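Notes to accompany the following structure.
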Amino acid sequence: MKTLHIQIRNIGFLLSILLVFSSCERELSDEAVLPTFSNTAEIFTDNFVGLGTNFYLPFADAKPDVFSVDDSEGFESNASIRIDVPNANDPGGGYAGAIFRVDGPGRNLTEYDALTFYVKASQGVSLGNAGLGIDYEGDKFQVTRTEINVGTGWSKVIIPIPDPSKLLNERGLFWFAAGTQGTNGSGYTLWFDEIKFERMPLIRQVRSEIMNGASVSLKVFTGSSVNISGLNQVFNLENGQDVSLSSAPGYYDFQSTDTAVASVDAFGVISVKSSGNAVITATLAGDNSTGNLILEALGDLPASPTPTREQSNVMSIFSDSYTNAVESNFNPGFGGSTTETTVLTTSNGEVLQYTTNNFTGIIFESPIDASSMDFLHIDAYVQNASTSIGIQVRDIGANQTIETDIFTGFPEGDDKDYRTTLNGFQEGVWKSFDIPLAGDIANQKNNLGALIITDGPNFILDNIYFYK
C-alpha cells in the first residue's frame, strides 16, 4: 500500500528576524550606501558556491542523514550531490527533503528568470517536489514544481521564477522533497548537479491564477483573517513545453475593491476590518491573474456556546473555557490539502476557522490517554445549512506515527480510528455535537494522536474536548 506517514512532533522550524529601525529627524545623506547582495548564479557546480558552512537544513520529519557529495558521479564532471532516499518505513524518516539556504546575506536574483539543475536516479522515479524560496523565515517567495519525471540518465529541469524583480535578497536557493510513493515504499538514490540560476529570455508566462482560477464567494466576520490560496502559474519554456508551478503570495500584487472592508498584505493574508463587501484580485509581473475572492463581511461572529462541564471531567484540545491537555498543530500541511486554518480572535474569544477544506487535521504534539473519557465534544458553525464535516478520532499505534493509505484514507498498521459526520446544521447558528468514543477506537483511546477533519468546505469550530 502507498502510505502517508506523519510524525507526532513539530514539523516545522520557527525562526524570525528582528528588524530595528531608529527614528530620527535627519534624512538619508547622499553619501549613504544602501546594502547590495551577491548576484552569484551558481549553487552547486562540482562544489557548493558561496553558501557558507551551515546551508543544508533537512525538513523536520525527513530523514536527516541522506545527503553527501559523490566524487565519482556528475553531469559532465566528477562530482554531484547524492541523496539516498530512505524506505517508507525507515525509523529515521520515511522520505528525503531539505532546503539549501545561504548561511548569511541572501542573493540578488533579479537578473535571472529560472532555476535549473540536472538530475538522475538509480531507477525511474517521480521527484515529488523541487523549487526555491523556502528559507524558514516566512518562505515569502517559495516556488514549487511537482511530479518531475527522473530517469537513470541525466536530464535538465527548469523551474521558472514567477517575478524575478521580487528577489532582491533571497536566502532560500533550492529545495526538494522525494518520497517512495512510486516505488512501493522502496528507497533509491538521486543525484543533483549544475544547480544554478539562468537568464532564459524565451520563457513566457502563459497564465497565473489565484483561488485556482475560480471566482469564490465567502462570508466572513469582522476581525477574521483569510489566506488567499490556489496560487498557480503556467510558463512556456524555450522548447515549447508548458510547466505548471505553484508559488507563495509574495510574487503577486493584490488589490481590494474596498480596503475599508478588507485589505491584503504581502503574504496574501486578508484582514477583514468592517462589515460590507469587497472583491480581491491580483496581478503577477504586471499581468492580470484569473480568479478572485468575493467577500461578504457580516460583522461580529456570534458567540459559541459556553461549556459547563467541570475541568476535572475534561481533556481539552481547543477551548477558551479550559486548560488544554496537550499542545496541537492546527496546520499540519498534509500533501494535497487545500485547507486554510486560522485561529480567529473574535470579541468572544478564539475559534478555529476552516476555509476551502478538503482534509486536514489537528495533530497532538504528544499522544493523549483518553481511556477515562467517553465522548468528544465539538461546537460547529456554518454559513450553508447543507454543510457536512467529517471527523476521525485517530489512535496512532505503538510506533507513534499516523499511517494512512493515501487511496482510501483509512488507517494502516496498528492504527485505528472512529469516524462520524457532523450535519443537520442551521445557517448562521452554532450546533453542539457529542461524539461517542466507540468502535475500534474504544479499546485504543489511551493512545490518541490526532483528529482528522474532512468535508466542508467552510466552517468554524470551537470547544473541542474529550469528556466523561
Side-chain angles (χ1 to χ4, degrees), residues 10-21 33-71 74-75 77-85 92-93 95-112 114-119 127 129-145 157 159 161 164-178 190-198 247-248 250-251 266-267 333:
N10 186 355
I11 64 171
F13 294 90
L14 182 60
L15 299 176
S16 61
I17 297 177
L18 180 62
L19 301 177
V20 180
F21 295 91
V33 177
L34 296 175
T36 58
F37 301 94
S38 168
N39 64 352
T40 302
E42 292 78 16
I43 300 169
F44 181 92
T45 55
D46 295 343
N47 209 334
F48 291 98
V49 181
L51 297 189
T53 57
N54 184 28
F55 57 83
Y56 178 78
L57 303 174
F59 296 131
D61 54 346
K63 188 174 184 183
D65 55 348
V66 300
F67 157 72
S68 63
V69 174
D70 190 333
D71 292 323
F75 172 72
S77 67
N78 294 322
S80 62
I81 297 171
R82 174 173 173 148
I83 304 295
D84 292 306
V85 180
Y95 78 103
I99 72 170
F100 292 78
R101 185 182 71 182
V102 178
D103 184 14
R107 294 188 186 180
N108 184 331
L109 302 175
T110 55
E111 64 185 89
Y112 311 111
L115 167 69
T116 67
F117 58 89
Y118 283 85
V119 64
L127 175 59
N129 298 283
L132 67 141
I134 299 183
D135 56 12
Y136 298 150
E137 296 166 353
D139 305 339
K140 185 176 179 181
F141 297 112
Q142 179 179 344
V143 178
T144 303
R145 181 174 170 184
V157 176
I159 302 178
I161 300 173
S165 70
K166 305 276 190 175
L167 301 184
L168 297 167
N169 177 21
E170 181 56 53
R171 295 183 68 200
L173 302 186
F174 176 66
W175 69 274
F176 74 94
L190 285 169
W191 290 269
F192 295 103
D193 201 1
E194 295 296 318
I195 309 174
K196 60 186 176 181
F197 294 95
E198 292 190 54
S247 78
Y251 290 101
F267 290 90

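Keep in mind the model is a prediction, meaning the values are calculated, not measured. We use all heavy atoms of the structure for the numbers below, so side chains are in, but hydrogens, waters and symmetry mates are not.
- Residues Glu194 and Thr45 meet the side-chain proximity criterion, which asks for heavy atoms closer than 4.5 Å.
- Between Val85 and Leu190, the shortest heavy-atom contact is CG2-CD1, 4.1 Å.
- Defined by atom type and a distance below 3.5 Å, a donor-acceptor pair is present between the side-chain atoms of Tyr95 and Asp61.
- Paired with Asp46 under the rule side-chain contact (heavy atoms from CB on, under 4.5 Å), one option of Val69, Asp193, Asp71 passes, and it is Asp193.
- Within the 4.5 Å cutoff, no side-chain heavy atoms of Phe174 are placed close to those of Leu132.
- Atoms CD and CG, on Glu111 and Leu167 in that order, are 12.0 Å from each other to the nearest 0.5 Å.
- The line from OG of Ser68 to CD1 of Ile81 is 9.5 Å long, rounded to the nearest 0.5 Å.
- No donor-acceptor pair closer than 3.5 Å links the side chain of Arg107 to the backbone N or O of Phe37.
- The closest side-chain heavy-atom distance from Leu173 to Asp135 is not below 4.5 Å.
- Counting heavy atoms from C-beta outward, Phe67 and Phe100 have side chains that approach closer than 4.5 Å.
- Taking both residues in full, the closest heavy atoms of Gly133 and Trp175 are given as N-CD1, 4.5 Å, listed atom of the first, atom of the second, then distance.
- Under 3.5 Å, the side chains of Asn129 and Thr144 contain no donor-acceptor pair of N or O atoms.
- For the side-chain contact (heavy atoms from CB on, under 4.5 Å) test with Leu115, the passing option among Val157, Leu109, Ile195 is Ile195; the others fail.
- Results of the ring-ring contact (aromatic ring centres under 6.0 Å, His included) test with Phe75 over Trp191, Phe192, Phe44, Tyr118 single out Tyr118 as the only residue that passes.
- Across every non-hydrogen atom of Gly74 and Ser80, the tightest pair is CA-CB, 4.0 Å.
- In this structure, the side chains of Val143 and Tyr251 come closer than 4.5 Å at one or more pairs of heavy atoms.
- Between Gly52 and Asp103 the shortest heavy-atom distance is CA-CB, 4.0 Å.
- Between Phe59 and Ile99 the shortest side-chain heavy-atom distance falls below 4.5 Å.
- In plain terms, the two heavy atoms of Thr110 and Leu168 that are nearest each other are CG2-CD2, 3.6 Å.
- Here the CD1-OG distance, from Ile161 to Ser247, works out to 11.5 Å after rounding to the nearest 0.5 Å.
- Atom-to-atom distance recorded for Arg101:CZ and Phe55:CZ is 12.0 Å, nearest 0.5 angstrom.
- With values rounded to the nearest 0.5 angstrom, Ile159 atom CD1 is found 12.0 Å from Glu198 atom CD.
- Listed here is the closest heavy atom pair of Ala178 and Leu127: CB-CD1, 3.8 Å.
- Rounded to the nearest 0.5 angstrom, Glu42 CD and Phe197 CZ are separated by 10.5 Å.
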